[in-house]
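Scope of the values below: all heavy atoms of this structure, side chains included, with no hydrogens, waters or symmetry mates. Whatever order the structure lists ligands and atoms in, that order sets their numbers, starting from 1.
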Amino acid sequence: MESKKTGKTAKKNPSAGKLFVITGPSGVGKGTILEKFFHNNKNIIYSISQTTRKPRPGEVHGVNYFFVSHEDFEKSIQNDELLEWAKYSDNYYGTKKDFVLKALEKGADVLLEIETKGAKKIMEKFPDCITVFFTPPNLDELEKRLRGRKTEDEASIQKRLKIVKEELELSTIYKYTIENDEVENALNKLQAVYDFEKRTKSEAQSEDSTCETSESEAASEQ
Ligand code: 5GP
């Protein structure tokens with residue numbers, strides 16, 4: 001079996017779980033949506049990333065992230081412990097390989113909440129992954145949200161706003177795009193995507209399925 005995108009041979013486990021990749025620019029409000037989504041869907045596992053960013057007030061090691069030093073992060077890269085990693089606004093972020101692969105192998109669905117560079121790597125490695133991009137209603141609203149949460153200094157806000165503009169241009173490579181106009185609205189759309197993809201599990205897991213850039217029936221029905 002050959003993957004169209006990587007050309008690598010990959011054995012498939014028909015009962016493996018599905019991999020969901022969610023990206024949303026900083027300040028888009030995906031945290032609130034995902035919290036509610038996980039509350040409503042106990043069978044999908046959140047992949048806790050590792051990062052060199054300092055914890056924000058209220059963030060807990062092993063819950064929000066595994067907070068590690070630059071040195072330890074670089075060791076993880078050298079030891080091939082990460083499925084993907086990227087530098088974002090001066091910090092490293094990465095997905096733990098062992099955890100995700102074992103969960104998928106056991107049949108669990110796994111959700112990665114990662115930025116665009118990492119998402120592109122995952123799309124190459126897992127052509128069957130389901131990708132969702134959250135967009136803000138507009139950039140002014142996003143800047144207001146970013147400032148309103150008071151977790152970043154001005155320099156970091158400026159860096160993040162610059163990245164947001166670059167990320168928005170990449171939204172077209174995702175299978176689904178959901179505008180976060182209102183939390184409940186966006187949550188319902190995410191739920192529709194999840195339910196739709198679960199229903200089409202066997203079809204999507206066929207050898208040739210790829211992540212095509214298209215708005216699916218599930219998202220557009222909203
Ligand atoms: P924040 O500092 O706001 O928590 O996250 C900054 C960005 O890093 C967000 O876009 C978030 O989705 C992304 N991110 C979080 N974990 C990972 C990861 O494991 N890999 C990659 N590539 N990006 C991540």
Check whether Trp85 forms a cation-pi arrangement with Lys117 (NZ or CZ under 6.0 Å from the six-membered ring centre, at most 45° off the ring normal).
no
Quick check: does Glu167 get an N/O under 3.5 Å from an N/O on ligand 1?
no
Among protein heavy atoms, which sits nearest to atom 10 (O) of ligand 1, and what does the distance come to when rounded to 0.1 Å?
Glu115 CB, 3.6 Å
Is the cationic atom of Lys87 (NZ for Lys, CZ for Arg) positioned less than 6.0 Å from the six-membered ring centroid of Tyr93 and within 45 degrees of its normal?
no
Given Phe66, Tyr65, Tyr88, identify the one with the heavy atom nearest to atom 5 (O) of ligand 1.
Tyr65
Should we say atom NZ of Lys42 is surrounded by more than 12 heavy atoms from elsewhere, each under 6.0 Å from it?
yes
Any salt bridge between Glu141 and Lys144, counting N to O under 4.0 Å?
yes
Using a 4.0 Å cut-off to any heavy atom of Gly94, which atoms of ligand 1 qualify?
18 (C), 19 (O), 20 (N)
Near Ser49 (heavy-atom distance under 4.0 Å), the atoms of ligand 1 are 16 (N), 17 (C), 18 (C), 19 (O)
Any side-chain heavy-atom pair of Leu139 and Lys165 under 4.5 Å
yes
Under 4.0 Å from a heavy atom of Ala86: give me the atoms of ligand 1 that qualify, with their elements.
22 (N)
Hey, is Arg53 touching ligand 1 through its side chain, its backbone, both or neither, going by heavy atoms under 4.0 Å?
side chain
What protein heavy atom is closest to atom 12 (O) of ligand 1, reported as residue, atom name and distance in Å?
Glu113 OE2, 2.4 Å
N/O separation below 3.5 Å, Arg160 to ligand 1:
yes
What protein heavy atom sits nearest atom 20 (N) of ligand 1, and how far off is it?
Glu84 OE2, 2.7 Å
Which bit of Lys54 gets closer than 4.0 Å to ligand 1, counting heavy atoms only: side chain, backbone, both or neither?
neither
Contact between Asn180 and Arg145 at the side-chain level, heavy atoms closer than 4.5 Å - yes or no?
yes
Cationic tip of Lys30 within the cone over Phe134's six-membered ring, i.e. under 6.0 Å and within 45° of the normal?
no
For the 3.5 Å polar cut-off, considering only N or O atoms, please tell me whether Lys30 and ligand 1 meet it.
no
Is there a polar contact between ligand 1 and Gln50, counting only N or O atoms under 3.5 Å apart?
no
With Thr52 as reference, evaluate Asp90, Asp72, Asn91 under the side-chain hydrogen bond (donor to acceptor under 3.5 Å, both in side chains) test and give the passing residue.
Asn91
Should you measure from each heavy atom of Arg56, which atoms of ligand 1 turn up under 4.0 Å away?
1 (P), 2 (O), 3 (O), 4 (O)
Please determine whether a side-chain nitrogen of the Lys or Arg among Glu59 and Arg53 lies less than 4.0 Å from a carboxylate oxygen of the Asp or Glu.
yes
